[in-house]
Amino acid sequence: MPGSSRTTTPAPAAGPADRAAGPSAATAPAVLRGAVRHGAVRCGALVLVSTAATGAGLLLPAVLGRTLDLLLTRAPAGRWVGYSIGLLALLTALDMAETVLDGTTSARATAWLRLRLTRHVLALGPRAGARFGSGELTARLVGSAAQAGTAPASLAATVAAVAGPVGAVVALGLLDVWLAVAFLAGAPLLALLLRAFARDASACVARYQEIQGRLAAALAEAVGGARTIRAAGTADRETARILRPLPELSRAGHAMWHAQGRAAARAVAVAPLLHLAVVAVAGWLLARHRLSVGDVLAASRYAVLAGGIGVLVGQLSALVRARAAAGRLAEVLAEPAPAHGHRPLPDGPGRLELRGVTARRGNRAVLDGVDLTVPGGTTLAVVGRSGSGKSLLAAVAGRLCDPDAGDVLLDGVPLRELSHAELRGAIGHAFERPVLIGTTVEDAIGLGPVAPAPGLIRRAARTACADDFVRRLPEGYATRLADAPRSGGESQRLGLARAFAHGGRLLVLDDALSSLDTVTEHRIAHALTRGGTSTTRLVVAHRAATAARADAVAWLDDGRVRAVGPHAELWRHAGYRRVFGGDGAPDGVLGVAEKERSVTEGGSPAGEPGSPADGAVEAAGGHRS
């Protein structure tokens, strides 16, 4: 009734986090472990090939040393020369295999991470864009996923990089234990250098990637508002705004390279000293005839391999970057996605119920304890001033997002208990600014879990008053979307056709008629509200004429349902009239039905040269808001 509203104190209910799949355990190490597990076979093959290459590299100094000794003593050395050539050929082949495996392993891991992130972002729905921003999500999907995707290959390379020095130290010990002791005396210093590098580089890399994300977000925002920027003549100002973080990015990049440079410089200072110590000990042992000349050559080479901190720094740097990128992916994956149940919908008319629904954005309750019932097969218009919660109510009604408290039921079944297929098959949506996805116009209209038959697509287009302009396109319904220029109203009609093509029990129109001319809006509204349809319709309305055609109107005011009733009855309230920007005479609304009958019969209201729907809006004292 006008002026009344059911206000109940909602019982404690599970919020979105409770209804979701549960807080994700996504962390940077977990993301990296997943990538490694996904490419376990290739990663294992890469480890084997890299380790084999390391083993061959460790054998080569010993073989070369033996060959040198034979040549110096003029003994037959042909077989050992052959061994040396064979090892060099093997190293070349293993290096080629390692390069191929490295590239394919990284590519497949990147593809898997992007697929996982894309699925999760789409499962999150609008909350993902609101939480991170489209530009930031794009940066993480493209850049961070590619960087994190190098982790399996970098890990395999790191195993080989560690195996090299360890094997070289063992080889030194086999030549003579004092050679290994000479090297190991400085090993703790190398370990400290690596630890300091990993610590310093982690913070720098994370900072660098965070600033890159901010740049991408600003650029995406500017691209989306390119027309506004051009019209305002602020291109230079926007360019400066987008590029403002560049000095900060430069500082973070310099810090990152300075950390790697410091580690490399310290390695250059320490590694030659260790190498010199090993060679000095080898010379001392040679003078005492405990080593041959070939052994000294091998010891010198093993000392270089054992002190290969430069290789380790490079691999650690790659792992640090991959871990930082995985952390950025984990932030998105940690957002809990809505969970779906397994219940089917029983037979029913499409009765929609909102019970004690509260939905917050930040600290503000945009919807506050809303109780609302839409009988099956009827049309309910939702009206209210800007910010009253209309679009959020429409999103909650179709489970594009979950309320923080309360329940939404369709034919007595809570939406969260329905399977995903059942939910999306039962509820259709159309939006103010529809995003058309697909190759052709027909693809865009048929987008859904199951593509409708061509005849149904054309029937839906006729209902949405889109068939005429689609047929005028170069290839009709087969026209590529990129070759089909459209006005805002034509895009809305295609979005409506998409919703009509998939049927269902409930149709949610979130301001989906706002860009239509009044004649087209009237025709579509008449098709929606005419008798004989079994679909329940929830329509967010900004025009009085749209509200007048509905079976009932829910008047939202500051997140609460202030009243529910017929438009003509609510029109008696000045506050309701002000929703439509006017305070006209209450009796004016009575002319709407007569004007609609005139339009339906093909004429215009007497004495009015303009469009009939415009007259209906004026009669109701309203304007589009």
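Scope of the values below: all heavy atoms of this structure, side chains included, with no hydrogens, waters or symmetry mates.
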If you measure from the Lys or Arg side-chain nitrogens to the Asp or Glu carboxylate oxygens, is any gap between [X] and [Y] under 4.0 Å?
{"X": "D368", "Y": "R560", "answer": "yes"}
{"X": "E238", "Y": "R241", "answer": "yes"}
{"X": "R505", "Y": "D411", "answer": "yes"}

Partner set under side chain to side chain contact (heavy atoms under 4.5 Å, CB included) for L423, not counting sequence neighbours: H340, R399, L415, L418, I427
Restricting to side chain to side chain contact (heavy atoms under 4.5 Å, CB included), what partner residues turn up for D467, sequence neighbours left out? A461, R462, R471, Y477
With R424, which residues qualify under side chain to side chain donor-acceptor pair (under 3.5 Å), at least two apart? none
Between the side chain of [X] and the main-chain N/O of [Y], is any donor-acceptor distance below 3.5 Å?
{"X": "H38", "Y": "L113", "value": "no"}
{"X": "S144", "Y": "L329", "value": "no"}
{"X": "R480", "Y": "T439", "value": "no"}
{"X": "R562", "Y": "W555", "value": "no"}
{"X": "E422", "Y": "H342", "value": "no"}
{"X": "R537", "Y": "V508", "value": "no"}
{"X": "R458", "Y": "P454", "value": "yes"}
{"X": "T358", "Y": "G369", "value": "yes"}
{"X": "R498", "Y": "G428", "value": "no"}
{"X": "R343", "Y": "E417", "value": "no"}

If the plane angle is over 60° it's perpendicular, under 30° parallel, otherwise tilted; pick one for F431 and H429. parallel
Can you establish whether the number of heavy atoms outside D483 located under 6.0 Å from its atom CG is more than 12? yes
For R486, I'd like to know if atom CZ has over 12 heavy atoms of other residues, nucleotides or ligands within 6.0 Å. yes
Any side-chain heavy atom of V553 within less than 4.5 Å of one from Y576? yes
Can you list the steps and then say if L333 with L117 is a side chain to side chain contact (heavy atoms under 4.5 Å, CB included)? CA-CA 7 Å; L333 296 172; L117 189 68; 4.1 Å; yes
